[in-house]
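I have placed the structure first, in the form of structure tokens, so that the comments after it can refer back to it.
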Amino acid sequence: LQDADMEGHNGWTIDQIRGGIGTWRAATDPGIILLMIGTNDMHGYGSDTLGPPARLDTLLREILVLSPRAHVFVAAIPPLSYSDGNARVETYNAALPGIVEAKAKLGFAVTFVDINSLLTVADLDDGVHPNDTGFRKIAQGYYDAIVAATDSLSTGVAGIGRGVPLRVTGEIRRDSGRFFDVAGRR
């Protein structure tokens, strides 16, 4: 992807991403953060099923402290095609809603997105990474979550951002070359 508004690192673990958060955050002021992380933590950790959720909790806390006005959408990771790996994925994903809910109770704008339920192993190119169909499903899952959070603004339910009003004017622009264009945000 050649989008300068994204930060993606193929093959990195939660701790590796955590090491760059401060630098990356200093370079931008995101209004929306899409976070799907943990797949690489499922490899090589054996029975360490508690470590990855704890590492995600720490990463998410740091992201929210550095970007308190951003709305963070935390996604469950896709399934894996091999059973022992997928068992770790299921354990990891089961912990995510509680982690997200705890941050939301602290007043942060954070939403859990169950991407895992949208995908099957048929949506994986190599048993680990999504194929084109898988990526389309992931994009649709995020899109639906963002629209739902934006729609909730009119009902007074916590929506995008914290303390920063956000208004979607007109239609969501699909022709802009960006995933989601919102007036007043870059």
Side-chain angles (χ1 to χ4, degrees), residues 1 3 6-14 17 30-61 63-64 70-106 108-153 155 157-160 168 172 174 178-180:
L1 298 172
D3 185 347
M6 65 87 63
E7 191 68 49
H9 298 276
N10 188 26
W12 286 31
T13 64
I14 294 169
I17 295 296
I32 295 175
I33 298 171
L34 307 179
L35 185 63
M36 182 187 300
I37 189 167
T39 298
N40 294 311
D41 291 81
M42 300 300 106
H43 310 294
Y45 281 96
S47 62
D48 178 23
T49 56
L50 299 178
R55 290 191 291 275
L56 171 72
D57 184 65
T58 300
L59 171 67
L60 183 57
R61 183 175 52 248
I63 290 170
L64 293 168
H71 191 123
V72 182
F73 293 85
V74 179
I77 60 176
L80 295 173
S81 64
Y82 55 99
S83 62
D84 61 329
N86 203 48
R88 289 191 294 271
V89 167
E90 290 172 3
T91 300
Y92 174 76
N93 283 341
L96 299 185
I99 292 168
V100 169
E101 183 179 344
K103 301 298 183 265
K105 284 181 179 178
L106 294 174
F108 291 104
V110 59
T111 299
F112 173 70
V113 185
D114 190 4
I115 294 294
N116 182 277
S117 69
L118 304 176
L119 302 173
T120 69
V121 293
D123 298 313
L124 304 176
D125 189 43
D126 57 3
V128 176
H129 301 95
N131 57 28
D132 287 346
T133 301
F135 279 120
R136 281 188 200 91
K137 289 178 179 182
I138 291 167
Q140 188 66 53
Y142 271 129
Y143 177 85
D144 291 346
I146 292 168
V147 169
T150 303
D151 288 347
S152 73
L153 290 174
T155 63
V157 178
I160 306 291
V168 177
I172 295 171
R174 296 171 193 236
R178 293 175 182 257
F179 177 69
F180 190 80

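- When side chains are defined from C-beta on, Q140 does not count as touching L118, because their heavy atoms never get closer than 4.5 Å.
- Atoms CD1 and CG, from I63 and L35 in turn, are 5.0 Å apart once rounded to the nearest 0.5 Å.
- Rounding to the nearest 0.5 Å places CZ of R136 at 13.0 Å from CG of L119.
- For N93 (side chain) and I77 (main-chain N/O), a donor-acceptor pair under 3.5 Å exists by modelled atom type.
- Atom CG of residue L96 and atom CD of residue E101 lie 12.5 Å apart, to the nearest 0.5 angstrom.
- Note: L60 CG to F108 CZ = 8.5 Å, rounded to the nearest 0.5 Å.
- Between P130 and K137, every side-chain heavy-atom pair lies at or beyond the 4.5 Å cut-off.
- Considering every non-hydrogen atom in both P53 and A95, the closest pair reads CB-CB, 3.8 Å.
- For D41 (side chain) and I14 (main-chain N/O), a donor-acceptor pair under 3.5 Å exists by modelled atom type.
- The shortest heavy-atom contact between V89 and P78 is CG1-O, 3.5 Å.
- No side-chain heavy atom of L59 sits under 4.5 Å from any side-chain heavy atom of R55.
- One finds a salt bridge joining K103 and D57 here, because a Lys/Arg side-chain nitrogen approaches an Asp/Glu carboxylate oxygen to under 4.0 Å.
- Under the 3.5 Å distance criterion, the side-chain polar atoms of N86 are matched with a main-chain donor or acceptor of L80.
- Proximity of a side-chain donor or acceptor of D114 to a complementary backbone N or O of G141 within less than 3.5 Å is not detected.
- The OH atom of Y143 sits 13.5 Å away from atom CG of L34, with the distance rounded to the nearest 0.5 Å.
- Listed here is the closest heavy atom pair of Y142 and I115: N-CD1, 4.2 Å.
- With hydrogens and angles disregarded, a donor-acceptor distance shorter than 3.5 Å links the side chain of D123 to the backbone of T120.
- In this structure, the side chains of I99 and V74 stay at 4.5 Å or more apart for every pair of heavy atoms.
- Between A149 and H71 the shortest heavy-atom distance is CB-CE1, 4.0 Å.
- In this structure the side chain of F73 reaches within 4.5 angstrom of the side chain of I146, judged on heavy atoms.
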